[in-house]
Amino acid sequence: MTRGSHAPGSFWFYNNWDFNALGTIYRQQTGEDIFQSFEKRIARPLGMEDFSARDGRYVTEKFSRHPAYPFNLSARDAARFGQLFLSGGRWGDKQVLPSTWVEESTTAYSWTKRGRQGYGYMWWSLPSDIWGPNAAYAAGYGGQIIAYLPSKRLVVVQTVDLKQNSKGIRTSAFIDILKQIVSAAP
């Protein structure tokens, strides 16, 4: 995709390198390792049972100076992260993330052709007429997904063992299952 080949707001293109560049910016601005920072600022306050900063790794490629930084989260730890967003950044009596950040990061700023889904800051927003207001999900490599639906007070997590299923699971398959879960939820 050539920069400037489309007028602003006329074309949407998912670019994973932007996510990697944000990691570089975070490390430069804070002087902190991403995984240690996540452990200290998110995992510990949420009581994550399985996450350790040692589970993260930086992955470099010759095409970019910005490494990827994949996380390994168990389903129960990912569910805690989803619950944090469902609760507006609050965990128990502590505001772990600013509620304004939760709202801003899950607001759609770009619109895709994926069933009227929007894209915020690494979060996909779901159409409110189907899912209720402020429903969103984060999707990771191979089908790792954390979704939350405030109208149902529901968090749903999908993890994928990529050693057993190297192709992963398509997001559309998760959305189909989520529809079934929602239709069964009061």
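In this text the structure is predicted, and so the values were computed from the model without any measurement. Counting from 1, the numbers follow the sequence of the chain as shown.
To the nearest 0.5 angstrom, Arg27 atom CZ is 5.5 Å from Ile34 atom CD1. Distance CG/Asn72 to CZ/Arg54: 12.5 Å, rounded to 0.5 Å. Here Tyr58 contributes atom OH and Thr24 contributes atom OG1; the two are 9.0 Å apart, rounded to the nearest 0.5 Å. Separation of atoms CG (Asn134) and OG (Ser151) is listed at 9.5 Å; rounding is to 0.5 Å. How far CG of Asn20 is from CD1 of Ile25: 11.0 Å, rounded to the nearest 0.5 Å. Taken to the nearest 0.5 Å, the CZ atom of Phe19 stands 13.5 Å off from the NE2 atom of His66.
For the ring pair (Phe, Tyr, Trp, His ring centres under 6.0 Å) test with Trp124, the passing option among Trp131, Tyr148, Tyr109, Tyr119 is Tyr119; the others fail.
Ring centroid separation for the pair Phe35 and Phe51 does not come in under the 6.0 Å cut-off.
Checked by atom type and distance alone, the side chain of Asn165 never pairs as donor or acceptor with a backbone atom of Leu162 at under 3.5 Å. Put simply, the side chain of Ser87 never gets that close to the backbone of Gly89: no donor and acceptor are under 3.5 Å apart. Glu61 places no side-chain N or O within 3.5 Å of a backbone atom of Phe63 that could act as its donor or acceptor partner.
The stretch residues 165-178 participates, sequence neighbours left out, in no salt bridge (charged side-chain N to carboxylate O under 4.0 Å, His left out) pair at all. Residue pairs meeting the salt bridge (charged side-chain N to carboxylate O under 4.0 Å, His left out) criterion with at least one member in residues 74-102, sequence neighbours excluded, are Glu49-Arg76, Glu49-Arg80, Asp50-Arg76, Asp77-Arg80. Residue pairs meeting the salt bridge (charged side-chain N to carboxylate O under 4.0 Å, His left out) criterion with at least one partner in residues 135-144, sequence neighbours excluded, are absent. Pairs engaging residues 151-186 under the ring pair (Phe, Tyr, Trp, His ring centres under 6.0 Å) rule: none recorded [sequence neighbours left out].
Under the 4.5 Å side-chain criterion, counting only non-hydrogen atoms from C-beta, Ile145 is not in contact with Val160. Glu104 is listed as a side-chain neighbour of Tyr121, based on a closest heavy-atom distance under 4.5 Å. At a threshold of 4.5 Å between non-hydrogen side-chain atoms, the residues Ser125 and Gln117 do not count as touching.
Partners of Trp91 according to the ring-ring contact (aromatic ring centres under 6.0 Å, His included) rule, which considers only residues two or more places apart in sequence or in another chain, do not exist here. In this structure Asp33 satisfies the salt bridge (Lys or Arg N to Asp or Glu O under 4.0 Å) test with no other residue, sequence neighbours excluded. Qualifying side chain to side chain contact (heavy atoms under 4.5 Å, CB included) partners for Asp161, counting only residues two or more places apart in sequence or in other chains: Lys163, Gln164. Residues passing the salt bridge (Lys or Arg N to Asp or Glu O under 4.0 Å) test with Glu103, sequence neighbours excluded: none. With sequence neighbours excluded, the residues that form a side chain to side chain donor-acceptor pair (under 3.5 Å) with Asp129 are Arg116.
The two atoms that bring Ala139 and Thr171 nearest to each other are CB-OG1, 4.5 Å, heavy atoms only. Of all non-hydrogen atoms in Leu86 and Pro150, the two that sit nearest each other are CD1-CA, 3.5 Å. The two residues Pro67 and Thr60 come nearest to each other via the heavy atoms CB-CG2, 3.9 Å.
Summarising the hydrophobic clusters (Ile, Leu, Val, Met, Phe, Trp, Tyr; side-chain heavy atoms under 4.5 Å, direct or chained), the residues clustered with Trp111 are none.
Below 30°, between 30° and 60°, or above 60°: for Phe85 and Phe81 the angle between ring planes is between 30° and 60°, a tilted geometry.
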Enumerate donor-acceptor pairs with a distance under 3.5 Å from any side-chain N or O in residues 177-186 to protein atoms, sequence neighbours excluded.
unit_1	atom_1	unit_2	atom_2	d
Ser183	OG	Lys179	O	3.4
Ser183	OG	Gln180	O	2.8

Show me, pair by pair, the donor-acceptor contacts under 3.5 angstrom made by side chains of residues 36-47, not counting sequence neighbours?
unit_1	atom_1	unit_2	atom_2	d
Ser37	OG	Tyr26	OH	2.4
Ser37	OG	Glu32	OE1	2.8
Ser37	OG	Arg41	NE	3.1
Arg41	NE	Glu32	OE1	3.3
Arg41	NH2	Glu32	OE1	3.3
Arg41	NH2	Glu32	OE2	2.6

